[in-house]
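All values reported here derive from a predicted model rather than from experimental measurement.
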Amino acid sequence: MHTYPNQRAFKTVMADEQQDITQMLRGMEAGDDSIVDQLFLNLYDELRSLADVHLNRERPNHTLNPTALVHEAYIKLLEQTKKKWKNKSHFLGIASLMMRRILIKYARRRQAEKRGGLLQKVTLVDGDAAWETGLTDLIALDDALQKLEKIAARASKIVTMRFFGGLNNEEIAAALNVSVPTVKRDWKTARVWLSDVLGEAGEASKL
């Protein structure tokens with residue numbers, strides 16, 4: 001484990017690592033397949049941590065384990081041939097989103113097989129505050145976001161990128177090419193709309 005004499009040295013090392021990852025992403029965009037394995041090895045620990053977070057929200061004894069989820073998500077990421085990766089945070093955010101989509105797909109399949117399933121609380125984090133939608137499940141949230149996309153596509157993307165992708169306001173603003181205040185405004189609008197919609201399926205609590 002590395003130790004650093006001061007915060008400035010730590011930030012310098014982190015910036016260098018970010019730059020290295022960004023260069024790898026640029027190379028992958030250019031079609032350099034030799035970078036794929038190297039990028040995976042460099043990001044594996046962080047991808048595994050993301051997988052752990054997602055699976056901790058799921059039922060015990062899920063069909064997928066963290067390693068399998070990482071590999072399946074990474075394969076999906078490699079299929080994003082037209083994606084322009086901005087940086088490491090952007091890549092990891094989309095990786096987290098891919099993991100969520102994979103788990104939702106599994107959940108829908110299980111729900112279809114069992115005609116229902118256990119409900120769980122879903123929490124959307126807004127800075128230091130947590131907004132709990134109530135007793136609903138991630139499938140219900142995903143369905144609601146698809147409805148929201150039809151009437152407010154950008155707001156739906158912001159919720160998806162923030163909750164499923166783990167991106168912060170600045171990263172979302174950069175990805176969507178809008179201002180941070182716009183992201184915050186759309187997020188608040190989406191929260192109100194989702195509270196109303198999900199409240200019909202559970203006991204939604206509003207901030």
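- Formation of a donor-acceptor pair under 3.5 Å by the Glu171 side chain with backbone atoms of Asn168 is found in this model.
- Pairs engaging residues 40-51 under the salt bridge (charged side-chain N to carboxylate O under 4.0 Å, His left out) rule: Glu46-Lys88, Arg48-Asp52 [sequence neighbours left out].
- Taking 4.5 Å as the limit, every side-chain heavy atom of Ile104 sits out of range of all side-chain heavy atoms of Arg101.
- Residues forming a side-chain contact (heavy atoms from CB on, under 4.5 Å) with Ala73 (at least two apart in sequence, or on another chain): Met98, Met99, Ile102.
- Distance OG1/Thr67 to OH/Tyr44: 3.5 Å, rounded to 0.5 Å.
- Partners of Lys105 according to the side-chain contact (heavy atoms from CB on, under 4.5 Å) rule, which considers only residues two or more places apart in sequence or in another chain, are Arg109.
- Atoms CZ and CG, on Arg100 and Leu69 in that order, are 9.0 Å from each other to the nearest 0.5 Å.
- Note on Ile94: it does not cluster hydrophobically with Ile75, by side-chain heavy-atom contacts below 4.5 Å among ILVMFWY residues.
- Among Asn169, Ile172, Thr189, the single residue meeting the side-chain contact (heavy atoms from CB on, under 4.5 Å) criterion with Ile158 is Ile172.
- Here NE2 of His71 is found 9.5 Å from CG of Leu47. Values are rounded to the nearest 0.5 Å.
- Between His90 and Leu25 there is no side-chain heavy-atom pair separated by less than 4.5 Å.
- Using a 4.5 Å heavy-atom threshold, the side chains of Asn87 and Ile21 count as separate.
- Atoms CZ and CG, from Arg191 and Leu198 in turn, are 13.0 Å apart once rounded to the nearest 0.5 Å.
- Qualifying side-chain contact (heavy atoms from CB on, under 4.5 Å) partners for Val36, counting only residues two or more places apart in sequence or in other chains: Met28, Tyr74, Leu78.
- Note that CG of Leu92 is 5.5 Å distant from CG of Leu43, once rounded to the nearest 0.5 Å.
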Result block: side-chain N/O donor-acceptor pairs under 3.5 angstrom for residues 147-155, not counting sequence neighbours:
{"from": "Arg154", "atom 1": "NE", "to": "Asp186", "atom 2": "OD2", "distance (Å)": "2.5"}
{"from": "Arg154", "atom 1": "NH2", "to": "Asp186", "atom 2": "OD2", "distance (Å)": "3.1"}

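- The shortest distance between side-chain heavy atoms of Asp143 and Arg108 falls below 4.5 Å.
- Considering only residues two or more places apart in sequence or on other chains, Glu72 meets the side-chain hydrogen bond (donor to acceptor under 3.5 Å, both in side chains) condition with none of them.
- Here the closest heavy-atom approach between residue Ala51 and residue Val70 is recorded as CB-CG2, 3.8 Å.
- Of the inter-residue distances, the one linking Met161 atom CE with Ser96 atom OG reads 11.5 Å to the nearest 0.5 angstrom.
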